[in-house]
2 protein chains.
Amino acid sequence: MKLSTRTRYGIRAVLELAENYNSGPIQLKTIARHQGISVKYLEQLMAILKSAGIVSGLRGSKGGYILTKSPDQIRLSDCFNCLEGPVITVECVENNNFCPRTCDCIARTVWAEIQKTVMDVLQSITLQSLLDKSKPNENLHYQI
Amino acid sequence: MKLSTRTRYGIRAVLELAENYNSGPIQLKTIARHQGISVKYLEQLMAILKSAGIVSGLRGSKGGYILTKSPDQIRLSDCFNCLEGPVITVECVENNNFCPRTCDCIARTVWAEIQKTVMDVLQSITLQSLLDKSKPNENLHYQI
DNA sequence: TGTATTCCTATTATATTAGTAGTATATTAT
DNA sequence: ATAATATACTACTAATATAATAGGAATACA
């Protein structure tokens, strides 16, 4: 269960937008430079975040990206879900018809429990709460 | 974060061994038939479980596999760890030297928290506790 | 000795992730 | 208007990991 760079980079980018909330749009080339990611790859990640309604893009000169909501209204679970997909993918947890014994299967209950547990953690964390934690050091740009 | 067939099949196999604990060695061809997995692939999964000390193999005619400990002494976390690896793989969580800002990084603390949360769930579940749950229906063979 | 089983190693197939590239479209500034 | 700048969109390529197959060696039992 490896965390993809898609999710790691994407969340780093969103955190940088949160850090600059209310300072106007931030351009991808800026984020790319700070985070050591290519602009082109970032574009694709932002497209995902955009279609999830987390960010919006402004074209043209002086354009860039902004958060659609304030950092205290965006949960880590929102970002994680669209970038990474379901926390733990086992077909039978999502699709009751996948297996004839779904309603009795014991292991399925384990995967479902894990899924819920992780979602609870991610839902309890907002971008703002993460920023607040980091303020003293301001080391936001570096690695996730 | 998809769960690999390696883990799903491996845990199914271990559960079948648990189900037959004290009935002598169970052969891979039997498990393979019940679970709809090839013997050859199962061999590789059992090799992993064997090197983790969870099962042991007995060669030759009338051979097969047995659990090295009773089902109430084997935790799901033991099986999961060796089959799937760390719950959530982010280099910096395992390796403090991966990133220069490890000690301050906020996102790292999130991944670490999730890792711990999931491990707590897996550690709280033994093979026996799963068997006890399923006894009434005996649907152990089917899909995980 | 023959049969059945695990054990070991190599190879292939498939899917997913990661990343690059090119062009179109929109916005701003001159 | 035109040039410059940035996102938007789509296609392609590379790298990696998973999943599965295959062949033969070693061991145990009858």
Side-chain angles (χ1 to χ4, degrees), chain A residues 1-13 16-17 20 24-33 35-68 80 82-86 88-91 144, chain B residues 1-13 17 24-33 35-68 80 82-86 88-91 144:
Chain A
M1 297 216 299
K2 202 164 131 189
L3 203 59
S4 64
T5 62
R6 202 168 53 236
T7 300
R8 297 195 294 114
Y9 296 172
I11 288 183
R12 282 203 242 167
E16 186 157 348
L17 293 185
N20 295 283
I26 307 295
Q27 296 162 8
L28 288 191
K29 68 178 179 187
T30 305
I31 298 176
R33 190 174 57 243
Q35 307 291 347
I37 309 167
S38 85
V39 170
K40 283 299 190 180
Y41 192 34
L42 251 188
E43 272 179 11
Q44 293 177 47
L45 310 186
M46 296 314 272
I48 296 171
L49 290 162
K50 192 182 160 188
S51 70
I54 293 168
V55 304
S56 62
L58 306 168
R59 293 194 192 189
S61 180
K62 309 279 182 184
Y65 283 92
I66 55 171
L67 295 181
T68 58
F80 193 97
C82 71
L83 291 164
E84 187 78 20
I88 170 179
T89 304
V90 185
E91 188 71 19
I144 287 182
Chain B
M1 297 215 299
K2 203 165 131 189
L3 203 60
S4 63
T5 62
R6 201 168 54 233
T7 300
R8 298 196 293 114
Y9 295 172
I11 288 183
R12 282 203 242 167
L17 293 185
I26 307 296
Q27 297 161 9
L28 288 191
K29 68 177 181 189
T30 305
I31 298 176
R33 188 174 58 244
Q35 308 290 348
I37 310 168
S38 84
V39 170
K40 284 297 189 180
Y41 193 34
L42 250 189
E43 275 179 8
Q44 294 176 47
L45 310 186
M46 297 312 274
I48 296 172
L49 290 162
K50 192 181 161 190
S51 69
I54 292 167
V55 304
S56 61
L58 306 167
R59 292 194 193 190
S61 180
K62 310 279 182 184
Y65 282 91
I66 55 170
L67 296 181
T68 57
F80 194 97
C82 72
L83 291 164
E84 187 77 19
I88 170 180
T89 303
V90 186
E91 188 71 21
I144 287 183

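Naming convention: chains lettered A, B, ... in sequence-line order (proteins, then strands); numbering from 1 in each chain. In this text the structure is predicted, and so the values were computed from the model without any measurement.
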S.K.: Extract all donor-acceptor atom pairs below 3.5 Å that involve side chains of residues 41-55 of chain A and protein atoms in other chains or at least two apart in sequence.
M.R.:
from, atom 1, to, atom 2, distance (Å)
A/Tyr41, OH, A/Thr5, OG1, 3.2
A/Ser51, OG, A/Ala47, O, 3.4
A/Ser51, OG, A/Ile48, O, 3.0

S.K.: Any donor and acceptor pair, going by atom type alone, linking the side chain of B/Glu84 with main-chain N or O of A/Met1 inside 3.5 Å?
M.R.: yes

S.K.: Looking at CZ of B/Arg8 and CZ of B/Arg12, how far apart are the two atoms once the value is rounded to the nearest 0.5 Å?
M.R.: 6.0 Å

S.K.: List the atom of A/Tyr65, the atom of A/Leu17, and the distance in Å for their closest heavy-atom pair.
M.R.: O-CD2, 3.5 Å

S.K.: When the distance from CE of B/Met1 to C1' of C/dT16 is rounded to whole Å, what number comes out?
M.R.: 16 Å

S.K.: Whole-Å distance between D/dT7 P and A/Ile48 CD1?
M.R.: 16 Å

S.K.: How many angstroms lie between CD in A/Gln27 and CG in A/Leu58, if you round to the nearest 0.5 Å?
M.R.: 10.5 Å

S.K.: What is the per-nucleotide protein-contact pattern of nucleotides 22-30 of chain C, from the 5' end, where B denotes a base atom under 4.0 Å from a protein heavy atom, S denotes such proximity for sugar-phosphate atoms only, and - denotes neither?
M.R.: BB-BBBS--

S.K.: Starting at atom CG of A/Leu45, determine the distance to atom C1' of D/dA8, rounded to an integer number of angstrom.
M.R.: 14 Å

S.K.: Can you name the closest pair of heavy atoms from B/Ser38 and B/Ala32 and give their distance?
M.R.: C-CB, 4.3 Å

S.K.: Does the protein touch nucleotides 12-20 of chain D at the base, only the backbone, or not at all? Give it as B, S and - per nucleotide, heavy atoms under 4.0 Å.
M.R.: ------SSB

S.K.: If you look at every heavy atom in B/Ile66 and B/Pro25, which pair is closest and at what distance?
M.R.: CG2-CA, 3.5 Å

